[in-house]
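Heavy-atom basis, side chains included; hydrogens, waters and symmetry copies ignored.
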Amino acid sequence: MKKIVILYILTLAVVNTLSAFSPRPKPLTVTSPDGRLTLHVHTGDTLAYSVTFKNQAIVLTSPIALVLPDRVLGAKPKVAKTTTRKNKSNLTLPYGSTKTLDDQYNELEVTFEGNYALTFRAYNEGVAYRFSTTLASTIRIVNERASFNLTGDPAAIFPESDVWTSWEVPYVPYTSVSAIAENKKALTPVLFSYDPIRVVIAEADVTDYPGMYVGKHNGKLQGTWAGFPARTEMGSWGNFVSVVKERAPYIADTRGTRTFPWRIIIATDDDRTLVSNKLVYKLARPSVLGNDLSWIKPGKAAWEWWHDAIVKDAGIPTGMENRNTALYKHYIDFAAANHLEYVMIDAGWSNIFDLSKVNPKVDVQEVIRYGKSKNVGVFLWCVATTLMNDPDKNMDLISKWGAVGLKVDFIDRDDQLAIRWFEDIAGAAAKKKLMINFHGCSKPTGLERTYPNIVNYEAVRGAECSKWDLTANPGHHVLIPFIRMLAGPLDYTPGGMRNKTQAAFKPIDPGLPSTQGTRCHELAMYVLFDQPFAMLCDSPEEYRKYPDIMKYLSAVPTSFDETRVLNAKLGQYATVAKRKDNRWFVGAMTDWDGRTLPLDFSFLPSGKTFKAEVYTDGTDNQDAAQYTCRTLDVTNRSKTDLVLAPGGGAVVYIHE
């Protein structure tokens, strides 16, 4: 008996020893079609992922989970099954920076015991994962764990926000993640740099769920979300903004059977690919609006707000106090004469709280009728909360008047309820065939693919800030295409014609504001920035002074068939060529450093000679408004140099 007991003890010791050294579950992997990016899935005690780029670790093991009141999806995960698939297709876009997108990826879906799953995808542009659940009819998400354990201590460009209510923020540079203060948070997309490798954290397909920020907590980067709004009241600007006064200790109440937003890691060692990256769009839900999208028409708009409606050569009283039927007809005449598709009528045409109570100075229906007679559509501004009081009734009213779209302002939130508003507004507008330009809004996450009648989002520190401070400057402009534009289109509102050097610029409000950087720098925004609905922010009077510039602004479209990024360096410069039919438009811009950028016309078809109208900065670096315009004969073998002044730019209009 004694021998049996000893043998049992020895056997148990051996089993325990072997268990201690037993291997953890082997990570599952999914690799991008080009083999450069690999996403590793770890299913040990805690569900986690890691990412390698060109066999170099960029994201170390990072736990992920959905926290419910009674359990944590991702804790002690037990794999039920795995499935893989490959996708190789093309997406056809109704409008945008290109007609088609390559939609090639490899996918791994892991189903876990407990009625949840994760889908992992690897594209050449980046990797992404999302949770899905098949639970009770409704569930509460107390929190989500999305950690981003970046290797090393990379530099960061942080679109920093200390609140949950603003997306028009400057980019704050940090030499390292360790230099970021504890509990600071940034909007997404947010960029980290190992130079030359860039890593961008973003999200896509955010519906019925709050938007994600990336914050530093306990020295680590992780997702953070606004709590569910438990109590709101009207306040902020003129008491017409829904302000959260109390937040619940959870982030969402939602359907139990659903997919959740994509969490995205973009990695590249070529800055040009950031400018053309459309991964957020690819991961969004396809359009729900059917096949007839003929009523959705991108275009440019004359707009009165930025320059305080001052048009000194109009022959009638102008200025904000004189916004009336006659003045808006003047804007329509200007738009029609210069082939602009729209006029944007900003705040003041109606009672803020009741769209049916129209300012007696502005006969809105007559303005819209007059615009139609000139083939110019009219967008009308409104406050989101007023619109949401009765969206169907308000949309019906706007539609009956004949307006083509709405600029919806002051949402100023991205908690779960606010995110619902975006889709509710887009859906109600689509029923009346109205386009939507979201302003005072959170960043896009692909909803414009689902509802293509969303033709633009603000969510950028734009030209309006030239009225107030120094933040809308060339250094900021050459960050936008590499960071914010990855999320989707943006309403920067370019076109300022009173251009100043860094030394000469001063904010002006009220009155006629200026912009920082050269005039050609400003013109380049119409090519570099993705903006299907684009403003001409300055006074018609200013454009009339320069017929050659107005020729370019009339010609440059807001939707293109093809985009090529010719050269780019994060925060320093970029040159982009975009094609519409057989015409090409090239835009180049630099930061506050002057530089010479090569332009190789090899993107043109062979065997043809084209006219290239080249707009470049003048030679006097003290006069930012100075420019030259010359015409060249070019072929696909031609080359030239674009000489950019400090804060400068260049544009080229190429046609037969």
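Residues L406 and L387 form a side-chain contact, since some pair of their non-hydrogen atoms from C-beta on lies under 4.5 Å apart. Contact check for F529 versus P481: side-chain heavy atoms found under the 4.5 Å cut-off. Between Y526 and Y552, some side-chain heavy-atom pair lies under the 4.5 Å cut-off. Between I157 and L570, the closest side-chain pair of non-hydrogen atoms falls below 4.5 Å. Using a 4.5 Å heavy-atom cutoff, the side chains of I508 and K467 are not in contact. Counting heavy atoms from C-beta on, the side chains of V651 and M589 never come closer than 4.5 Å. Annotation: side chain of Y171 is not in contact with side chain of F158 (no heavy-atom distance under 4.5 Å). Between R272 and L274 there is no side-chain heavy-atom pair separated by less than 4.5 Å.
Shown here are the side-chain hydrogen bond (donor to acceptor under 3.5 Å, both in side chains) partners of E541, two or more places apart in sequence or in another chain: there are none. Remark: N351 engages F353, D354, K357 in a side-chain contact (heavy atoms from CB on, under 4.5 Å) (not counting sequence neighbours). Applying the salt bridge (Lys or Arg N to Asp or Glu O under 4.0 Å) test to K500 and every residue at least two apart in sequence or in another chain returns nothing.
Checking E542 against H307 by side-chain atom types alone, no donor-acceptor pair falls below 3.5 Å. Donor-acceptor pairing under 3.5 Å is lacking for the side chains of N389 and N394. Counting only N and O atoms by type, the side chains of T518 and N499 include no donor and acceptor under 3.5 Å apart. A donor atom on one side chain and an acceptor atom on the other are not found under 3.5 Å apart for T165 and R413. Defined by atom type and a distance below 3.5 Å, a donor-acceptor pair is present between the side-chain atoms of D409 and W381. If you check the side chains of D593 and Y573, you find no donor sitting under 3.5 Å from an acceptor. For E304 and Y328, the side-chain atoms include at least one donor-acceptor pair closer than 3.5 Å. For the residue pair S166 and S161, no side-chain donor N or O sits within less than 3.5 Å of a side-chain acceptor on the partner.
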**OP:** Apply salt bridge (Lys or Arg N to Asp or Glu O under 4.0 Å) to R369 and D363, showing your working.
**Re:** CA-CA 10 Å; R369 183 208 62 78; D363 187 339; over 6 Å; no

**OP:** Let me see the working for V652 and F585 under side-chain contact (heavy atoms from CB on, under 4.5 Å), right down to the final yes or no.
**Re:** CA-CA 6 Å; V652 185; F585 298 84; over 6 Å; no

**OP:** Please lay out, stage by stage, how R285 and E423 fare under the test salt bridge (Lys or Arg N to Asp or Glu O under 4.0 Å).
**Re:** CA-CA 12 Å; R285 286 177 297 156; E423 188 161 5; 3.1 Å; yes

**OP:** Take L397 and S356, measure what side-chain contact (heavy atoms from CB on, under 4.5 Å) needs, and give me the verdict at the end.
**Re:** CA-CA 8 Å; L397 178 68; S356 68; 3.9 Å; yes

**OP:** Please assess L642 against L644 for the test side-chain contact (heavy atoms from CB on, under 4.5 Å), listing each intermediate value before the final yes or no.
**Re:** CA-CA 6 Å; L642 301 175; L644 279 57; 3.7 Å; yes

**OP:** Show your reasoning for whether salt bridge (Lys or Arg N to Asp or Glu O under 4.0 Å) applies to D561 and R583.
**Re:** CA-CA 10 Å; D561 300 331; R583 299 176 299 150; over 6 Å; no

Subject >> side-chain contact (heavy atoms from CB on, under 4.5 Å) evaluation trace for Y457 with E448 >> reply: CA-CA 9 Å; Y457 292 78; E448 73 279 5; 3.6 Å; yes

**OP:** Walk me through it: do D396 and K400 pass the test salt bridge (Lys or Arg N to Asp or Glu O under 4.0 Å)?
**Re:** CA-CA 6 Å; D396 188 54; K400 285 181 178 177; 3.2 Å; yes

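Closest non-hydrogen pair, S514 versus W306, comes out as O-CZ2, 4.0 Å.
The aromatic rings of H477 and H521 sit tilted, their planes meeting at an angle between 30° and 60°. The aromatic rings of Y342 and F533 sit perpendicular to each other, their planes meeting at more than 60°, with 30° as the lower class boundary.
Under the 4.0 Å criterion applied to side-chain N and carboxylate O atoms, E522 and R498 are not assigned as salt-bridge partners. The existence of a salt bridge linking E613 and K551 is confirmed by a sub-4.0 Å separation between a basic side-chain nitrogen and an acidic carboxylate oxygen.
A distance of 6.5 Å separates CG of D530 from OG1 of T563, quoted to the nearest 0.5 Å.
If you look at F438 and F422, their ring centroids are closer than 6.0 Å. The ring of Y615 has its center no closer than 6.0 angstrom to the ring center of Y653. Annotation: W303 is not in aromatic contact with Y331 [ring centroid separation under 6.0 Å not met].
The backbone N or O of W468 lies less than 3.5 Å from no partner atom in the side chain of D509, so there is not a single donor-acceptor pair.
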